[in-house]
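To start, the structure under review is shown below, and the notes come after it.
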Amino acid sequence: MDLNFTVNGETWALDVAPADVLLDVLREKAAVKSPKIGCERGDCGSCTIIMDGRTVRSCLVLAVEADGHEITTVEGLSFDGLSRLQGLFLSNNSFQCGFCAPGIVLAATELLERKPNPSRHDVQEALAGNLCRCTGYEPIIEAVLAAGAGGDQ
Amino acid sequence: MVISHEFDYRRPSSLEDAIGALAEFPGSAWILAGGTDLVAWLRDDAVAPDLVVDIKDVPGLADIALDDRTLSIGSLVTFTDLIESDLIADHAPLLAEMAETVGSTGIRNRATLVGNICSAVPSCDAGPVLLAYDAAVHLAGPAGERTVDINDWFVGLRQTARSDDEVVTRVTIDVRSHGGIYVKLMRYAGEDLAQAAVAIVVRPDHDFRVAFGAVAPTPFRSARIEDALRGKALDAALVGRVVALVADEISPITDMRASAEYRTRMTEVMLDRGLWAAVGRLSGEGLRYGERVI
Ligand code: FES
Ligand code: FES
């Protein structure tokens, strides 16, 4: 089936099967590797992408469902260098292995767009579905709080 | 793990076409809205449809609307939509309180209220709340439209009153003044299915609705508990009497998420605290919506 969609501003025309999952198609056919294959059942958040402005779990979306839609991954956030949030993750040493990072960067980006000055509780809620096996979450939460407190931009 | 089963996919742009597609594949077509259950089940080989009918392009299903005293929630309305809606906050705040406990943001952005009651797993969060609100489920099929009382909706484990060739278009709730609460027991905050759930609605005349989730094959209301409460002012003795009915009314199982004993004891605690909180909210005192009792 035809799949016409936009990934990080670039339009793609692909041929996919109804049973193809968006996560796999993005990684194998649309040249983005930041969405990670984790649990593949919606629990871990490592496959998170932004679709039409909202985070979704690409392991639970059929590729054909993305037809006509707009997708952003971490690659798309960084065209002009790192975003302010990404810079704060870096200076806070927020990640270790980094496997969870793409999902967390996007989940936190969505939060900050909707709530520019989130509370600690807001940050914890927004990231509750993104599992990290390395860090214990504290340095991640600190960076998102710092990005909020810094005001707009 | 890829989806190993092959199926056809259609995305009709009208309700008639959606119903027509279902009729072409009697019993072997699945409706796709948010997909958070269906795609997981496809991956697990738990379902094997010949056709998947994606209804996201069907117009008119994504609205939340208030018409006179009837609140209508279309079948494409997501849990995030419920959380962000002023109409829901003003007229059916339990729906937003419930929605905040469902999965994670990435799930809530996609999963729909109606999909939740169509999947009809025992722990579905929408079930107890819609039961407590006396909701009605609206369906469209080859023979036209019909409405099913939510009390008749859950007919068995993962089974509903919908027939294979029908599409749920919306659920409706009569808007009347009330207090209420949705109490959900989870292993950790965020991202878990209910181990047990209680939804309570109380009207100004102290007519109560008390519904349970995850402690029986389907969500259900307890007529015995509601009868015992009807018209009465809460006091410790009355609450004690209805809490003593819980063990008899529910039929929880033991599984990897909780034992039957734990579910039973916690359901008693949740009913106890929930009743006080619901009556408190009726009078505008006590906990705000979203503040939790466990
Ligand atoms: S891989 Fe999608 S949520 Fe874990
Ligand atoms: S940094 Fe390793 S999983 Fe989060």
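Just so it is clear, the values below take in all heavy atoms, side chains as well, and ignore hydrogens, waters and symmetry mates. Each chain gets a letter, A, B and so on, in the order its sequence line appears, and its residues count up from 1.
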With a 4.0 Å cut-off on N to O distance, would you call E97(B) and R281(B) a salt bridge?
yes
Would you call E138(A) and R120(A) a salt bridge, taking side-chain N to carboxylate O under 4.0 Å as the test?
yes
With chain B, the option among M51(A), M1(A), E65(A), R41(A) that has the most non-hydrogen atom pairs under 4.5 Å is E65(A)
Expected output: side-chain R257(B) to main-chain A194(B) donor-acceptor under 3.5 Å
yes
Closest heavy-atom contact between C59(A) and G42(A)?
SG-N, 3.5 Å
Taking all non-hydrogen atoms of both residues into account, name the closest pair between G38(A) and C44(A) and its distance.
CA-SG, 3.9 Å
Listed by residue number, which members of residues 53-61 of chain B have a heavy atom under 4.5 Å from any heavy atom of chain A?
D54(B), K56(B)
Which residue pairs satisfy the ring-ring contact (aromatic ring centres under 6.0 Å, His included) criterion with at least one member in residues 43-92 of chain A, sequence neighbours excluded?
F89(A)-F95(A)
Partners passing side-chain hydrogen bond (donor to acceptor under 3.5 Å, both in side chains) against R114(A) (at least two apart in sequence or in another chain):
none
Pick whichever of I49(A), V61(A), L23(A) has the most heavy-atom pairs under 4.5 Å with chain B.
V61(A)
Go through the atoms of D20(A) and report whether side chain, backbone, both or neither lie under 4.5 Å from a heavy atom of chain B.
neither
Could you tell me whether E70(A) atom CD has more than 12 heavy atoms of other residues or ligands within 6.0 Å of it?
no
Interface residues of residues 101-110 of chain A facing chain B - non-hydrogen atoms under 4.5 Å apart:
E110(A)
Once rounded to the nearest 0.5 Å, what's the spacing between atom CG of L14(A) and atom CZ of F5(A)?
5.5 Å
Interface check, chain A: of V52(B), D8(B), L32(B), L42(B), most non-hydrogen pairs under 4.5 Å belong to L32(B)
Within a 6.0 Å radius of atom NZ on K33(A), are there more than 12 heavy atoms belonging to other residues, nucleotides or ligands?
yes
Of the options T36(B), T80(B), T78(B), D81(B), which is the one that meets N109(B) in a side chain to side chain donor-acceptor pair (under 3.5 Å)?
T80(B)
